[in-house]
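By convention here, the first residue in the shown sequence is residue 1.
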Amino acid sequence: MILADLITYDVLRVIWWVLLGVLLIGFAMTDGFDMGVGALLPFVAKTDIERRIAINTVGPVWEGNQVWFILGGGAIFAAWPLVYAVSFSGFYLAMFAVLAALILRPVAFKYRSKRDGQAWRSTWDWALFVGGAVPALIFGVAVGNVLEGVPFRLSPELVSYYEGSSYLWKFLDLLNPFALLTGIVSVAMLLTHGAAWLALKAEDPVAARARSIGSVAGMVTIAGFALAGLWLAFGFQATPSWERSPTGRPTRLFSEVTRTSTWLTAYADRPWIVIAPILGFAGMIMAVRDLRSDHEVSTLLWSQLGIFGAISSVGLTMFPFILPSSFDPNSSLTVWDASSSHNTLFIMLIATVIFMPIVLAYTAWVYKVLWGKVTEAEVTGSSDSVY
């Protein structure tokens, strides 16, 4: 393909690394507030009407928001098949727990209002809580484990082998102190985001309670994000290093890694990436300030900026690594050696250029149509509010 030859293989790899980041950030920004509202539901809504108001703020949009998660998984499968295979093998039970929790959410949405019994509705409300809190926690734990390195190695035939005797032990190994810290940061960040959404879409007292809880969650996010950074700076994690060819592209991983090598050395090599954590801190600080000041639109925008900065910090810090190995650094998967073929990446890029603007335009139109607060009168008097 003549057009494909105009874009080099290395450039396509970097483009898809960026697009993968865009999809993950898009998922966190959109479905993130859905999960945040679900996790906040038992605490911000005391009566059935209040719970219906909170649920109806996300009811019309959660399905569209979850598409970002599907697109992210599809992008990993198509653009980085080896990353998909190795990560899903090691995180099998964790992924199963995420999917089970996400399956609970649509079931709860559809069945909650089928009966009027308090016990019936309370059960499904807690199902919505699980559907929001569990994925938020596990996604954060997964990020922590990726930063620490995953205990796998690749055979010459590119078959992955994990340390550990069973899937259960592999799952339990994921729950290490640093990963639990990043899990707490993830939950707190999405609670803040969900609170910002409720402050925008719901009326008091639901919005007032959300602002109160969200401001505390925002401060936990800021403190946890700072603590994770200090942990990475002084925790002496062994991280892979690499040789560089004359062109500057990594060519081979070193098998020997110094004990004092940490991810924070990336900021010495590429000082400009410090903008990502700065945006993460700034976004969350301003979101907390606006939650306390009863601002609405700006609060959601600031929380989105905080999410963008936090997730970008991980990607930019790790580049070019996607899935490092703590067991065998030479088996670590990078942007350069884990991608699909040149033609595959190019064809996918063309499809993305065509369809991504359509998806974004449709999403923007949906949010414009649904703009405005969900009120008690709307919930009790409109047949459109079915949750």
Donor-acceptor pair, distance only, cut-off 3.5 Å: does the side chain of [X] make one with the backbone of [Y]?
{"X": "Lys201", "Y": "Thr57", "answer": "no"}
{"X": "Trp336", "Y": "Asp10", "answer": "no"}
{"X": "Glu50", "Y": "Lys46", "answer": "yes"}
{"X": "Ser215", "Y": "Arg211", "answer": "yes"}
{"X": "Thr182", "Y": "Ala179", "answer": "yes"}
{"X": "Ser340", "Y": "Ala78", "answer": "yes"}

For residues [X] and [Y], report the shortest heavy-atom separation together with the two atoms involved.
{"X": "Ile138", "Y": "Ala97", "answer": "CD1-CB, 3.6 Å"}
{"X": "Pro81", "Y": "Ser339", "answer": "CD-C, 4.3 Å"}
{"X": "Leu323", "Y": "Val83", "answer": "CD2-O, 4.5 Å"}
{"X": "Ser313", "Y": "Pro277", "answer": "OG-N, 3.0 Å"}
{"X": "Met29", "Y": "Gln304", "answer": "CE-O, 3.2 Å"}
{"X": "Pro324", "Y": "Met318", "answer": "CD-CE, 3.7 Å"}

Between Thr334 and Asp337: side-chain donor-acceptor atoms closer than 3.5 Å: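 Present: a donor and an acceptor within the cut-off.
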Do Asn145 and Val141 pass the side-chain contact (heavy atoms from CB on, under 4.5 Å) test, and can you show the C-alpha distance, the side-chain angles, and the key distance before you say yes or no? CA-CA 6 Å; Asn145 278 276; Val141 167; 3.5 Å; yes
Is there a path of hydrophobic side-chain contacts, each under 4.5 Å between heavy atoms of I/L/V/M/F/W/Y residues, joining [Y] to [X]?
{"X": "Val44", "Y": "Leu190", "result": "yes"}
{"X": "Val274", "Y": "Trp231", "result": "yes"}
{"X": "Val353", "Y": "Met348", "result": "yes"}
{"X": "Leu102", "Y": "Tyr111", "result": "no"}
{"X": "Leu128", "Y": "Leu137", "result": "yes"}

Presence of salt bridge, [Y] and [X], under 4.0 angstrom:
{"X": "Asp48", "Y": "Arg112", "answer": "yes"}
{"X": "Arg121", "Y": "Asp116", "answer": "yes"}
{"X": "Asp31", "Y": "Arg105", "answer": "yes"}

Hey, could you give me the [atom1]/[atom2] distance between [X] and [Y], rounded to the nearest 0.5 Å?
{"X": "Leu71", "Y": "Leu20", "atom1": "CG", "atom2": "CG", "answer": "11.5 Å"}
{"X": "Met284", "Y": "Thr192", "atom1": "CE", "atom2": "OG1", "answer": "5.0 Å"}
{"X": "Leu370", "Y": "Asn56", "atom1": "CG", "atom2": "CG", "answer": "11.0 Å"}
{"X": "Ser312", "Y": "Leu279", "atom1": "OG", "atom2": "CG", "answer": "8.0 Å"}
{"X": "Leu300", "Y": "Leu305", "atom1": "CG", "atom2": "CG", "answer": "11.5 Å"}
{"X": "Ile25", "Y": "Ile307", "atom1": "CD1", "atom2": "CD1", "answer": "9.5 Å"}

Please work out which of the three classes, parallel, tilted or perpendicular, describes the rings of Phe225 and Phe281, given edges at 30° and 60°.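 Tilted, since the angle between the ring planes falls between 30° and 60°.
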Which class fits the ring pair Phe129 and Phe43: parallel under 30°, tilted 30 to 60°, perpendicular over 60°?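 Aromatic pair Phe129/Phe43 classed perpendicular.
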Apply side-chain contact (heavy atoms from CB on, under 4.5 Å) to residues Leu41 and Arg51 and explain how you reach the verdict. CA-CA 7 Å; Leu41 185 61; Arg51 286 190 285 271; 4.1 Å; yes
Using side-chain heavy atoms (C-beta onward) and a distance below 4.5 Å, is [X] in contact with [Y]?
{"X": "Val98", "Y": "Val134", "result": "no"}
{"X": "Ser303", "Y": "Phe33", "result": "no"}
{"X": "Val288", "Y": "Met219", "result": "yes"}
{"X": "Tyr267", "Y": "Thr317", "result": "yes"}
{"X": "Leu227", "Y": "Leu181", "result": "yes"}
{"X": "Val67", "Y": "Thr30", "result": "no"}
{"X": "Phe321", "Y": "Leu333", "result": "no"}
{"X": "Ile285", "Y": "Trp302", "result": "no"}

Surrounding [atom1] of [X] (heavy atoms of other residues, nucleotides or ligands, distance under 6.0 Å), is the total greater than 12?
{"X": "Phe96", "atom1": "CZ", "result": "no"}
{"X": "Phe139", "atom1": "CZ", "result": "yes"}
{"X": "Trp124", "atom1": "CH2", "result": "yes"}

Is the gap between the ring centers of Trp68 and Phe27 under 6.0 Å?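 No, the ring centres sit 6.0 Å or more apart.
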Is the terminal nitrogen or CZ of Arg13 (NZ for Lys, CZ for Arg) located under 6.0 angstrom from the six-membered ring centre of Tyr9 and within 45° of that ring's axis?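 Yes.
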Decide yes or no on side-chain contact (heavy atoms from CB on, under 4.5 Å) for Trp272 and Leu316, but give the supporting numbers first. CA-CA 10 Å; Trp272 61 271; Leu316 291 172; 4.0 Å; yes
Using side-chain contact (heavy atoms from CB on, under 4.5 Å), reason through Val366 and Tyr362 one step at a time and then give a plain yes or no. CA-CA 6 Å; Val366 168; Tyr362 174 76; 3.6 Å; yes
